[in-house]
Amino acid sequence: FSARWTGELTPVINGEHTFQILASDGAKVSIDGKEVIDLWRPTKAQLAKEGNGATRTGVYAGEGKITLKAGEKVPIRVDFYEAMGDAVLE
(Lines give C-alpha, C1' and ligand atoms only; values in the text may rest on other atoms or scores of the structure.)
Protein backbone atom coordinates (compact mmCIF):
# COMPACT_ATOMS: atom_id res chain seq x y z
CA PHE A 1 0.00 0.00 0.00
CA SER A 2 1.01 3.62 -0.21
CA ALA A 3 -0.01 6.80 1.55
CA ARG A 4 0.55 10.52 1.23
CA TRP A 5 0.22 13.10 3.97
CA THR A 6 0.14 16.80 3.22
CA GLY A 7 0.02 19.86 5.40
CA GLU A 8 1.73 23.10 6.26
CA LEU A 9 4.29 24.12 8.82
CA THR A 10 5.31 27.52 10.10
CA PRO A 11 8.82 27.78 11.55
CA VAL A 12 9.25 29.93 14.64
CA ILE A 13 12.95 30.68 13.99
CA ASN A 14 14.99 31.60 10.92
CA GLY A 15 17.68 29.30 9.66
CA GLU A 16 18.50 25.72 8.91
CA HIS A 17 16.02 23.11 10.15
CA THR A 18 16.71 19.38 10.36
CA PHE A 19 14.03 16.80 9.63
CA GLN A 20 14.30 13.09 10.38
CA ILE A 21 12.25 10.08 9.40
CA LEU A 22 12.22 6.34 10.06
CA ALA A 23 10.50 4.14 7.48
CA SER A 24 10.23 0.56 6.35
CA ASP A 25 10.36 0.09 2.60
CA GLY A 26 10.14 3.65 1.26
CA ALA A 27 9.45 7.27 2.14
CA LYS A 28 10.09 10.78 0.85
CA VAL A 29 9.70 14.14 2.55
CA SER A 30 9.25 17.36 0.56
CA ILE A 31 9.12 20.80 2.13
CA ASP A 32 8.25 23.91 0.16
CA GLY A 33 8.43 21.83 -3.03
CA LYS A 34 11.99 20.64 -2.33
CA GLU A 35 12.77 16.98 -1.69
CA VAL A 36 14.49 17.00 1.70
CA ILE A 37 14.62 13.25 2.41
CA ASP A 38 14.63 10.43 -0.14
CA LEU A 39 14.33 6.91 1.28
CA TRP A 40 12.47 5.57 -1.76
CA ARG A 41 13.83 2.06 -2.17
CA PRO A 42 13.11 -0.82 -4.54
CA THR A 43 10.31 -3.10 -3.38
CA LYS A 44 11.22 -6.48 -1.91
CA ALA A 45 9.66 -8.09 -5.00
CA GLN A 46 11.97 -6.06 -7.25
CA LEU A 47 14.96 -6.99 -5.09
CA ALA A 48 13.99 -10.67 -5.28
CA LYS A 49 13.80 -10.44 -9.06
CA GLU A 50 17.28 -8.90 -9.12
CA GLY A 51 18.55 -11.55 -6.70
CA ASN A 52 20.03 -9.23 -4.09
CA GLY A 53 18.64 -8.47 -0.66
CA ALA A 54 15.34 -10.30 -1.17
CA THR A 55 15.05 -11.18 2.49
CA ARG A 56 16.22 -7.82 3.72
CA THR A 57 13.95 -6.36 6.34
CA GLY A 58 14.33 -3.31 8.43
CA VAL A 59 13.68 0.28 9.04
CA TYR A 60 15.69 2.98 7.31
CA ALA A 61 16.61 6.33 8.82
CA GLY A 62 16.80 9.50 6.80
CA GLU A 63 17.69 13.07 7.58
CA GLY A 64 17.53 16.27 5.60
CA LYS A 65 18.09 19.97 6.15
CA ILE A 66 16.42 23.01 4.69
CA THR A 67 16.66 26.73 5.41
CA LEU A 68 13.33 28.29 6.38
CA LYS A 69 12.14 31.75 7.43
CA ALA A 70 10.34 32.37 10.70
CA GLY A 71 6.61 32.96 10.28
CA GLU A 72 6.59 31.89 6.63
CA LYS A 73 4.14 29.03 6.13
CA VAL A 74 5.41 26.28 3.80
CA PRO A 75 3.80 23.09 2.48
CA ILE A 76 5.05 19.70 3.64
CA ARG A 77 4.40 16.36 1.95
CA VAL A 78 5.31 12.85 3.13
CA ASP A 79 5.00 9.93 0.72
CA PHE A 80 5.25 6.35 2.01
CA TYR A 81 4.94 2.84 0.62
CA GLU A 82 4.95 -0.60 2.19
CA ALA A 83 5.61 -3.55 -0.09
CA MET A 84 5.15 -6.34 2.46
CA GLY A 85 5.44 -7.04 6.15
CA ASP A 86 4.97 -4.58 8.97
CA ALA A 87 4.61 -0.92 8.10
CA VAL A 88 6.75 1.59 10.00
CA LEU A 89 6.77 5.36 9.57
CA GLU A 90 7.95 7.75 12.24
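Because the structure is predicted, anything quoted here is derived from the model rather than measured.
Taking CD1 of I76 as the start and CG of D32 as the end, the distance is 11.0 Å to the nearest 0.5 Å. Taking OG1 from T10 and NZ from K69, the interatomic distance works out to 14.5 Å, rounded to the nearest 0.5 Å. Interatomic distance, D38 CG to K28 NZ, rounded to the nearest 0.5 Å: 5.0 Å. To the nearest 0.5 Å, atoms CG (L68) and CD1 (I13) are separated by 9.5 Å. With rounding to the nearest 0.5 Å, the separation of CD in E8 from CD1 in I31 is 13.0 Å. A distance of 10.5 Å separates CG of L89 from CG of D79, quoted to the nearest 0.5 Å.
Taking all atoms of both residues into account, the shortest heavy-atom contact from A87 to E82 is CA-OE1, 3.4 Å. Annotation for K65 and V36: closest pair N-CG1, 3.7 Å, computed over non-hydrogen atoms. The shortest heavy-atom contact between I37 and E63 is CG1-C, 3.8 Å.
Each of I21, D25, L22 was compared with L39 under the side-chain contact (heavy atoms from CB on, under 4.5 Å) criterion, and only I21 meets it.
Side-chain contact between F19 and L9 is present, with heavy atoms from C-beta onward closer than 4.5 Å.
Follow the hydrophobic side-chain contacts under 4.5 Å out from F1 and you reach V78 in the same cluster.
Distance alone, capped at 3.5 Å, is enough to place a donor-acceptor pair between the S24 side chain and the V88 backbone. Put simply, the side chain of N14 gets close to the backbone of A70: a donor and an acceptor are under 3.5 Å apart.
Take E35 and apply the side-chain hydrogen bond (donor to acceptor under 3.5 Å, both in side chains) test, not counting sequence neighbours, and it matches no residue.
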